[in-house]
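What follows is a short report on a single structure.
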Amino acid sequence: MTGPPLTARLRPLLAVARGPGAAVAAVRRDESLVLCRGPVGERTRFETGSLTKTFTALLLAELAARGEVRYNDRVDRYLPFRLPGPLTLLHLATHTSGLPRLPPGLLTRAVRTGWLSNPYAGFSEADLLAALPRTRLHHRPGTRVLYSNFGGALLGHVLARAAGGSGDGYADLLAERITGPLGLTDTDCDPNRPQASGHWRGRPRPVQLMPGLPAAGAVRSSARDLLRVLTALLDPDAAADSAALRTALAEVQRPRLSVPRTGARLCLIWNLRPRPDGALLHHSGGTRGFTAFAGFLPGSRTGLVALTNTAPTPLAPFIQAAYGTLRALDEPLPGTCGPLGCET
C-alpha cells in the first residue's frame, strides 16, 4: 500500500525540477509510488546519460557470473590489438583505468560537427577503437580514481565482443541479458523510439546520438522501469529467473575500493556512501537535455529515481535534492513511526 508519508517526501522533489516535465519514483519496503509533473508519465522515456554505466556494470557482472569473462581479464584479450599496461575489466568498471574522460579526437570532431547540438553524433565505434592506440593513460591502472566516459564506452564494447558478437552489439546484448529478463520494456539505446523532449536553458534539444559510446550514456528509460531496476537490486533473489542475473544484481553492490580522503567507496560503477544504519548507493547522469538520478539503501529496502527533461545546471540542485530525498526516505516524518521509534 502507498501511504501519505511517501507522497509527502516526493512532492517537494518534483518542485525542484526546473524542466517542463519530471518524474520521481520510490520504493520503501512494501510500498512504492511514481509521481509525475508536466507532459510526462511513468512510462515516458528519458535520456539517462551516465546512469547508463550502471546497466553496463550489471552486464559485466552477468557475464562474469556465467564465466564468460573474469573481472581481472586484460581488456585487450577481447580486442584485435594489444594495449600497453595491465588494463583490466575491473579497472574500467571502477574508473581506475587511467583513461581520460573522453577519447582523443572526440572534442576536436565535436567542435567541427556540432558541440552545442549533438557532440557525440560524429564519433563511431571505429573511432573509439582507433583512439585507443594513441591514448596516453593519466596514471598506472589501479592507482587512482579518474571518472572516464571513455572507459565506460570501452567496457561495453569489450563485453559485446566477449559474448561472441561484434563490438557494436552492446544494445542487443543489453536487451538479451538485462532489460529483457527484467521486463524493462521502456529501456534501450534506441534514439528513434518516442521519448520526452529534452531542454537546455529553456530551449528544446535534439535527441542525443552516441554511436561510438553507447555503453557510457545512450540508455533511455522511464521512471517505472528504473524503479523496477532498484526493486531488483534490493531483492536480487526474487528479481530474476536467471541465476547469473541474480548473482550480478548482488555483485554490482559489493564495494571494490575506497576513495581516498572521502570515506566513499566504489562498487561496480555505483558510488557507495557508508551510513550508520547501512550503505547508500547512488549514481546520476545528464545529457544536453536531461538529468537523471538513482539511488538505494539495501538495509532498509529503500530506493529513489528522479528524472527531468532539462540539462544539469551548475551545482546540480536537482541531483542534490534527490540525494537528500533518498536519505530522508529512511527517516520518519513528524507524527509517524519508523524503525527507531516515533517522532512527535
Side-chain angles (χ1 to χ4, degrees), residues 48-61 63-64 69-76 83-104 106-107 120 128 131-132 135-159 210 213-217 219 233 248 250-275 278-287 291-298 312 314-316 319-320 322-323 326-327:
T48 67
S50 286
L51 203 58
T52 296
K53 296 182 183 70
T54 64
F55 286 93
T56 305
L58 190 55
L59 193 54
L60 167 62
L63 266 67
V69 301
R70 296 174 299 177
Y71 293 115
N72 288 323
D73 281 347
R74 286 180 60 116
V75 171
D76 54 15
L83 295 176
L87 185 60
T88 69
L89 301 182
L90 187 60
H91 290 146
L92 297 179
T94 55
H95 294 295
T96 56
S97 67
L99 289 169
R101 189 177 187 92
L102 293 172
L106 187 149
L107 288 178
Y120 300 98
L128 182 79
L132 270 172
T135 298
R136 182 177 180 179
L137 298 182
H138 285 268
H139 57 77
R140 184 165 54 86
T143 60
R144 287 179 53 196
V145 176
L146 180 67
Y147 192 89
S148 176
N149 286 321
F150 190 4
L154 180 59
L155 179 59
H157 179 93
V158 166
L159 293 177
M210 299 187 72
L213 291 84
V219 163
L233 288 164
E251 276 292 297
V252 295
Q253 304 179 45
R254 185 161 65 84
R256 308 289 169 154
L257 58 90
S258 297
V259 182
R261 298 181 298 277
T262 67
R265 299 175 184 175
L266 273 176
C267 304
L268 295 181
I269 295 297
W270 288 98
N271 303 295
L272 186 151
R273 287 280 182 177
R275 287 165 50 89
L280 184 156
L281 291 89
H282 66 97
H283 207 283
S284 60
T287 70
T291 305
F293 172 89
F296 61 104
L297 297 101
L315 303 181
I319 297 296
Q320 295 299 325
Y323 185 87
L326 175 59
R327 294 183 60 178

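Computed from a predicted structure; not experimentally measured. Residues take their numbers from the sequence shown, with the count starting at 1.
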Looking at Arg275, I want to see if its CZ is surrounded by more than 12 non-hydrogen atoms of other residues, nucleotides or ligands under 6.0 Å. yes

Shortest non-hydrogen contact from Val252 toward Ala61: CG1-CB, 3.9 Å

Take Asp73 and Val158, measure what side-chain contact (heavy atoms from CB on, under 4.5 Å) needs, and give me the verdict at the end. CA-CA 11 Å; Asp73 281 347; Val158 166; over 6 Å; no

CG/Leu268 to NZ/Lys53 distance, rounded to the nearest 0.5 angstrom? 14.5 Å

Measure the CG-CG distance between Asp76 and Leu132 for me, rounded to the nearest 0.5 Å. 9.5 Å

To the nearest 0.5 Å, how far apart are CD in Gln253 and CG in Leu233? 5.0 Å

Face-on cation placement of Arg256 at Tyr71 ring, 6.0 Å and 45° thresholds: yes

Taking C-beta and beyond as the side chain, do Asn72 and Leu90 meet within less than 4.5 Å on heavy atoms? yes

Least distance between heavy atoms, Gly152 atom then Ala215 atom: O-CB, 3.5 Å

Any side-chain to backbone donor/acceptor pair from His283 onto Trp270? Under 3.5 Å, distance only. no

Should Arg327 and Arg273 count as side-chain neighbours, where that means a heavy-atom distance under 4.5 Å? no

I'd like to know whether Phe150 forms a side-chain contact (heavy atoms from CB on, under 4.5 Å) with Leu128, so could you lay out the CA-CA distance, the side-chain angles of the two residues, the decisive distance to 0.1 Å, and finally the verdict. CA-CA 8 Å; Phe150 190 4; Leu128 182 79; 3.6 Å; yes

Compile the donor-acceptor pairs under 3.5 Å between side chains in residues 259-266 and protein atoms, sequence neighbours left out, one pair per line.
{"unit_1": "Thr262", "atom_1": "OG1", "unit_2": "Val259", "atom_2": "O", "d": "3.0"}
{"unit_1": "Thr262", "atom_1": "OG1", "unit_2": "Ala264", "atom_2": "N", "d": "3.0"}

Would you indicate whether the side-chain heavy atoms of Leu281 and Cys267 approach each other to under 4.5 Å? yes

Could you tell me the separation between the CG atom of Leu154 and the CG atom of Asn149, rounded to the nearest 0.5 Å? 12.5 Å

Is the shortest heavy-atom distance from the side chain of Pro100 to the side chain of Thr135 under 4.5 Å? yes

Side chain to side chain, Arg101 and Leu146, heavy atoms closer than 4.5 Å: no

For Pro298 versus Ala279, what's the shortest heavy-atom pair and its separation? CD-O, 3.4 Å

Check the pair Val75, Leu89 against side-chain contact (heavy atoms from CB on, under 4.5 Å), reporting the backbone distance first and the verdict last. CA-CA 6 Å; Val75 171; Leu89 301 182; 4.2 Å; yes

From Leu92 CG over to Leu87 CG, what is the distance, rounded to the nearest 0.5 angstrom? 5.0 Å

Answer whether the closest heavy-atom distance between the side chains of Leu137 and Leu99 falls below 4.5 Å. yes

Could you check if a side-chain atom of Val145 sits within less than 4.5 angstrom of a side-chain atom of Leu257, using non-hydrogen atoms only? yes

4.5 Å side-chain heavy-atom contact, Thr56 and Leu60: no

Under the criterion side-chain contact (heavy atoms from CB on, under 4.5 Å), I'd like the reasoning laid out for Tyr120 against Thr287: C-alpha separation, chi angles, the key distance, then a yes or no. CA-CA 11 Å; Tyr120 300 98; Thr287 70; over 6 Å; no

Shortest non-hydrogen contact from Pro312 to Thr291? N-OG1, 3.1 Å

Minimal heavy-atom distance between Leu280 and His282, with the atoms involved, is CD2-CD2, 3.8 Å

Hey, does the side chain of Thr48 reach the backbone of Val219 with a donor-acceptor pair shorter than 3.5 angstrom? yes

Hey, could you give me the CG/CG distance between Leu297 and Leu326, rounded to the nearest 0.5 Å? 5.0 Å

Which atom pair, heavy atoms only, marks the closest approach of Pro255 to Leu272? CG-CD1, 3.9 Å

